[in-house]
Each structure stands twice: as structure tokens, then as C-alpha cells.
Amino acid sequence: MTRRSATTRLLALPFLASALALTSPLPSASAAPADATATPAALPEVVVPGEPLPQPRTETLLAAGAKGFFHTTQDDTFAWTAYDTGATTVVGHYDETRPDPGLHGAGSDFTVDADPRQTGRTWKLQDMSTGAAATVDGPESAWIRGVYGDAVLTEGSATYPGPLRFLRPDGNGGTTVVSVTSWANAGLTPGSTQPLGGDAREAAFGLYFNDGYRIALADTHTGALRVSPLLPSPRTTGGCDNPLMAVDTTQLAWLGGDCKIHVLSRADLNAPDRTVPVDYYDQPRALGLSGDWVLTVNRSGYDQRDSDIPVQRELVATPVGGGDPVVVLSHASETIAQAPDGTALVEGGDTAADWTVRKVTATGGTAPTAVATEYRVAPEAYHLDSLDLSANTLISAEGGNYLGEGFYGRQGTLGDTPTVSARTPLGRDGYLRPHVSCGGGPAICTDMAGTGDGRVVHLNSSINSLSVRRGDKYQEIALDRAVRPREVVGASGRYVLLDTSYWPQSTLAVVDLDGSTPGTTVATASGNVGTIDDGRLITAGAKTGEVVVLDLATQQSRTLQTGRDCKITQLKSAGGWLYWNCWFDGATGSAGLLRPDGTSLPIEVPARAQGMGRGFLVYTPSDEGMSTVVDFHTGVPVTKPLNAHLPADQAFDYEWSADRFGGGLAYVDKYQNIHLVSVIAPDSASL
């Protein structure tokens, strides 16, 4: 496992000459002269798709246009997808803290490419259906309140509430500015404005006036304002408090604090409204309109969160003129977007594999129907809390759903075309889930370490024990009372190295899994720089350049010299080799490789390695650059690229693992896919 290394950048360092010295800085070091123009081939890998959860992933439907719709994607980006092809174009990052209706677009295919929270004077307005773009210039220090067709609504900051203005490209590189100034004409003074959606024709607001709460529609071309009669405020004590609104081509619907949906004529806001009552204990989370039907999706069924069927509630259509509600979709997500053709968009399906964005249409007075578009919402995968790759056995701790979370094993094979077997559960029933085996922590055992003999161990701090798994066998090994471990540093065979920072007498301890009393402490060491390998505890010595090797069976120790006059700050071991690093000492630091028995000449390598496998080191930058490995198994270090940026700090991230007992590494990407990378072929000769 890659453990206890600091977040660093990969730096090219000067190296001393030796019999096996590195001939050039990273990343071009090689055993033979390299072609300066050649790009090293990526290491072979196999990708294991993330195991899908039985629950569907919920995206947020933000707006619907004539040709496509705006929504969030799996990695919280803001995107537009075409109805007819399902092709998605990423626009930018979505800020979940500000999901204002209309902010990213309303009733059209237009949006702005910048963060809508950004203050300034210029924004680029884009028509995603055609690719056309134009800029609009607004007042100093204005911010965007919404995008309504080809008009950007801004609000100034000089006064509160600030002046509202629609900005529209004039076709000649300039900007047409239309102010919303007719509050006085309505005989009202606005307190605060709350955008509630709209379309290319009008923006809708909820307004707290001096005499109560009203709905207003502002014309995007003229700025003319139309205001409704008084409506029940969403701040009504003991009432419905989720201010939802839907704007259709002919109507608008508003959920008031009186727990009634008020349907108003868009042509005449003063005409008598029609109402649809809702249950206070089952308030809608989404509101829409389709023909003369009100669409609602109510609160999630929390009692079904562990079910293997979708947990979202039904999409229900209720006739505005009275009548029984109709279930349109048995399972639907909690957002609805109105399209300019009178249809509504919603996500739903029968299973997580059938979760699709659908158009809801009502024609001829019949109940609405939902027809799938070409965009399918793939289910999320189980979250991989931790990985361990040891002797080509891949162990994963997976969470996210009560029915399937736990520990799983896969067998890998390396080479030019690596493979991975299907996953199998580890441990017997009742010991898979985190509240039993990990002391109730929020993540599943993020300090796993493989022993190299088929076992994997992790700390169960709630009962001061080590959990040990091999196949379907599970064992809980109690630790000495005096040992208060903070994390598992590493394991090798029968021995496990623990960081016991909570134990004042020492900070490292080795326990024996296979002794007459399993879990007995067999060695301790001061300091927190150490590793364990092939029955030896290896720690930094008290003197600069010194390494202490303790044989755990005989309790005999000896010292090694690195040849550098610097304090050892990091030790790693794998495959009979020891990596030392003292990069904290001095401006540049230094690092190298030794045999723990002292029989080898040193191999010099760059400092700041984050991981070590059998015959290779892993270097991962703290910026967004790609990680690399240095293959030294032939005696001459060679740099090889990875197609990934691995987390640089394995003290906090457990999303990758270098095989201390084999020639591969594994990592998890943002979609919870596992990549098994073959660094060194199994039949390659090694030192």
C-alpha cells in the first residue's frame, strides 16, 4: 500500500555518480539513449467498470429549450444535451449552493458560459443548439439573476434590492439594455425579489411587497411588469415552505404557504385562480404543468433508501379543473423543467438501468404520457473507500448502499494485456458492513494493507483490534491494551506495522498475527519513520544517513548507511528493496534504493516518491499533471507515464495502491472504475 507520504511535486534532482546511477533527470531517464522527440508508450492497463448501485443517479434538470435541455452531470458539471441525439456539451461547473430557477437558462437553449455568480460587466451568451455566441455588457458590479432566451437578467448592487435589467446583444457588437422600472406603475414597492423561472418571453419572480406576497412577470423585451393579486406567502408558519413555480405557455402554477397549488392564467394574472391541494406531510419537491394538468413529484421515500428499486416517488398528474390524480411514472427524480412547446421534462424509469430523461405531454384532454429522450442517466457506482493490491490480489472496500457495501476480492494478471477476475465477497455474512467491522466510521476501513500471503488487514479502532480477511475467512485479533493504534502503516506476512501516535512510549509498533497469542506486540520504535518487509522492521536511525534494520524473529539489529549526511524522513520497502528519502532536509533533499541486508550498491532515484511496488516507485504531482512510475527492477531506473493523476497525499486519499509484492498498481477514477496497471511483466528478470 502507498501510505504516509506527503503532498509533493515531482522535481528533477541532481544525482551522485554510482555504479547504477540515474543518467538524466526525470522524466527522460532510461537504460539507453532516448529519442528526445519520442513519447513514451503508456503502461498497459485493464479497466473494471464500477459496480452500479441499485438506486438511480439523480441529476438536476435546470432548463428545457426547443432543441435540448440543461442539466447537471455525474461529476457536477453544467451541461446541455440535445433531445434527438443525446449528445452532451459541457458548459461549466455547477454550483449546488445556488440552484436558483432560471439562473442557468429558462425555457430556451441559451445560457452564459461564465460562473453566473461572477460580478463584472461582460458575459458571453451562447445558443447551445446552434453554437452561436455573442457578448453582452452590463453595469459595473452587476450580477446575473437569470438567462431568459437571448436576454441576461442582471441586478445591481448599489441599492437593495438592486435595479433589474435585461441585457440583449443588438446584433452590431453592442448591448441593448432594458430596465424593469414599472414597480411604481403597479402602485407597489418591492422588498426582495426571488427568481422563480420563466422563459424567453417573461421572467417570473416572487416578490415581498409592502402589502404582502405576489407573483410578477417581467417582459424580457420591454421590461413591462405584470403583478398578481396577493398570494399565500411561502413563509407561512406551519404551512408549505418550498416555493415552487412552473411557467407554461398559457399558465403558471405556484405552491403557496397554504399548501395549495395556485394555477393562474398567464394572459390575465388577475383572473380567478384555480387550486390543487397538497398534503403538508407529503409536499411536492418538483412542480410542473402539462396541458391542463399539474405535475408533482413529492418528497423521497426515506424508508426505502436501502431498497434495490428506485427510491424516488411517483410523478403524478392532477387535473386543474378537478378529478382524480393519475400516476404518470412510478419512479421519478425530484426536478421538472418546462419546455417552450408546452411539454415538461422529468427523469424516471422502472429501474436504475432504465433511468432516462423523458418528455411529458398531454394532448386532447387525455392524461399526460412520458416518452423517453435519447439521454440515459447511468446509475452511480458503489463508492470505493479503499483499495489494496498485494501479490496481484485486489481488495476493495466499497460503500454507498446497505445491500451491497462491504469488502470484495478480485484476482489480477499482469502483462501486455492485464486481466481482472469478477469480484467475490470477503468474510462471512454479518462482517461485511462498516458498522460491524469498522467501528461505525463514515467510510469503510480506509487503512487496509495486504500481507502478501492472501490476507488483508485493517484497524477496528472501536474495539482495539485488527480485522483480518482471507477469502471467506474472517478473524478479529485483539491488540495489547497498551497499544492505541492510529492507523495501519503496512503489513508483510505475519507482521503488521502500526502507527501508535496515541501511545506516549513510542509511535511505531509491530504486532504478530500468527504467534501463540495473535496480536502480541513484538517490537516498538520511537519516531514515525518506518516500514516492514520480509520479517524486518526498518526505521530511521538517530544519526543522519543511518537506517536501523531489526530482525523480528531474532531481535537482532544492524545499521545501514545511505551515504548521505541528511536525516531520513521517509522509508518504503517492496520486493527486497528499501527506498529512503530525506527531502525535508535542505533545499533539494536526496533519495535512493538499498537492499535491507546491505549487499547492494545504491541506486539513486528522485526524492518524493509517493508509492513503491516490487521494482518500481510511484511519483504523483500535487498539481494536475500526470503521475509517473520509475521502473528500477533491471538496475537502471526508467521513467514510464501513467494516464492518470493520482492523489498525491496517501495519508488522506486511499484511491490507489502499488503492489509491494508484485509489479502492478491499481487506482480508482472519479467514476469509481478500477484501473489495474501492469508496470513490470511477471516474467521480467529483476535484481
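It should be emphasised that the depicted structure is a prediction, and the values quoted were computed from it without experimental measurement.
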If you apply the rule side-chain contact (heavy atoms from CB on, under 4.5 Å), what do you find for His458 with Phe407, and how did you get there? CA-CA 11 Å; His458 63 77; Phe407 298 83; 3.6 Å; yes
Tyr382 vs Gln672, test: side-chain contact (heavy atoms from CB on, under 4.5 Å). Steps then yes/no. CA-CA 7 Å; Tyr382 284 95; Gln672 303 304 303; over 6 Å; no
Working to the nearest 0.5 Å, report the span between OG of Ser627 and OH of Tyr667. 9.0 Å
For a 4.5 angstrom cut-off between non-hydrogen side-chain atoms, does Leu53 reach Pro379? no
Can you tell which of Val547, Val549, Thr562 makes a side chain to side chain contact (heavy atoms under 4.5 Å, CB included) with Leu578? Val547
I'd like to know if the side chain of Arg57 and the backbone of Ala378 have a donor-acceptor N/O pair within less than 3.5 Å. yes
Glu347 and Thr58: side-chain contact (heavy atoms from CB on, under 4.5 Å), yes or no, with the steps? CA-CA 8 Å; Glu347 290 178 348; Thr58 299; 4.2 Å; yes
Hey, does Val679 have a side-chain heavy atom less than 4.5 Å from the side chain of Leu43? yes
Would you check, one step at a time, whether the test side-chain contact (heavy atoms from CB on, under 4.5 Å) holds for Leu414 with Asp659? CA-CA 12 Å; Leu414 302 181; Asp659 192 346; 5.9 Å; no
State which residues pass side-chain contact (heavy atoms from CB on, under 4.5 Å) with Ser421; sequence neighbours excluded, sorted by chain then number. Arg410, Gln411
Donor-acceptor contact present, side-chain Ser573 to main-chain Ile532, <3.5 Å: yes
Asp631 side chain vs His633 backbone, donor-acceptor pair below 3.5 Å: yes
Just wondering, do Arg285 and Arg313 contact through their side chains at under 4.5 Å, heavy atoms? no
With no hydrogens and no angle check, do the side chains of Glu476 and Ser467 hold a donor and an acceptor under 3.5 Å apart? yes
Please check if the side chain of Thr569 supplies one atom and the backbone of Asn581 the other of a donor-acceptor pair under 3.5 Å. yes
Is it true that a side-chain atom of Tyr579 and a backbone atom of Val605 form a donor plus acceptor pair closer than 3.5 Å? no
Using a strict threshold of under 4.0 Å (side-chain N to carboxylate O), is an ion pair present between Arg455 and Asp514? yes
Any side-chain heavy-atom pair of Thr531 and Arg660 under 4.5 Å: yes
Atom CH2 of Trp656 and atom CG of Asp669: how far apart are they, to the nearest 0.5 Å? 16.0 Å
If you define the side chain from C-beta out and look only at heavy atoms, does anything of Val677 sit under 4.5 Å from Asn643? no
Distance (rounded to the nearest 0.5 Å) between Asp480 CG and Thr521 OG1: 3.5 Å
Less than 4.5 Å apart, any side-chain heavy atom of Asn673 and any of Pro49? yes
Separation between NE2 (His71) and OG1 (Thr77), nearest 0.5 Å, reads 8.0 Å
Ring pair (Phe, Tyr, Trp, His ring centres under 6.0 Å) with Phe78: which residues, sequence neighbours excluded? Phe70, His104
Atom CZ of Arg484 and atom CG of Leu479: how far apart are they, to the nearest 0.5 Å? 12.5 Å
Does Ser678 reach the main-chain N or O of Gly415 with its side chain, forming a donor-acceptor pair under 3.5 Å? yes
Output yes when a side-chain donor or acceptor of Tyr619 lies under 3.5 Å from a complementary backbone atom of Pro606, and no otherwise. yes
Just by modelled atom types, is the Asp354 backbone N or O under 3.5 Å from a matching donor or acceptor in the Arg376 side chain? no
Using a 3.5 Å distance criterion without hydrogens, assess whether the side chain of Asn464 forms a donor-acceptor pair with backbone atoms of Val483. yes
Separation between OG1 of Thr413 and CG of Asn392, rounded to the nearest 0.5 Å: 8.0 Å
Going by heavy atoms in the side chains, are Arg536 and Tyr495 under 4.5 Å from each other? no
Are there over 12 heavy-atom neighbours, none belonging to Asp416, within less than 6.0 Å of that residue's CG? no
Mind telling me whether Trp577 and Phe632 have parallel, tilted or perpendicular rings, with 30° and 60° as the class edges? perpendicular
Exercise: do Asp385 and His383 side chains pair donor with acceptor under 3.5 Å: yes
Checking Thr620 side chain against Leu646 main chain: does a donor-acceptor pair fall under 3.5 Å? yes
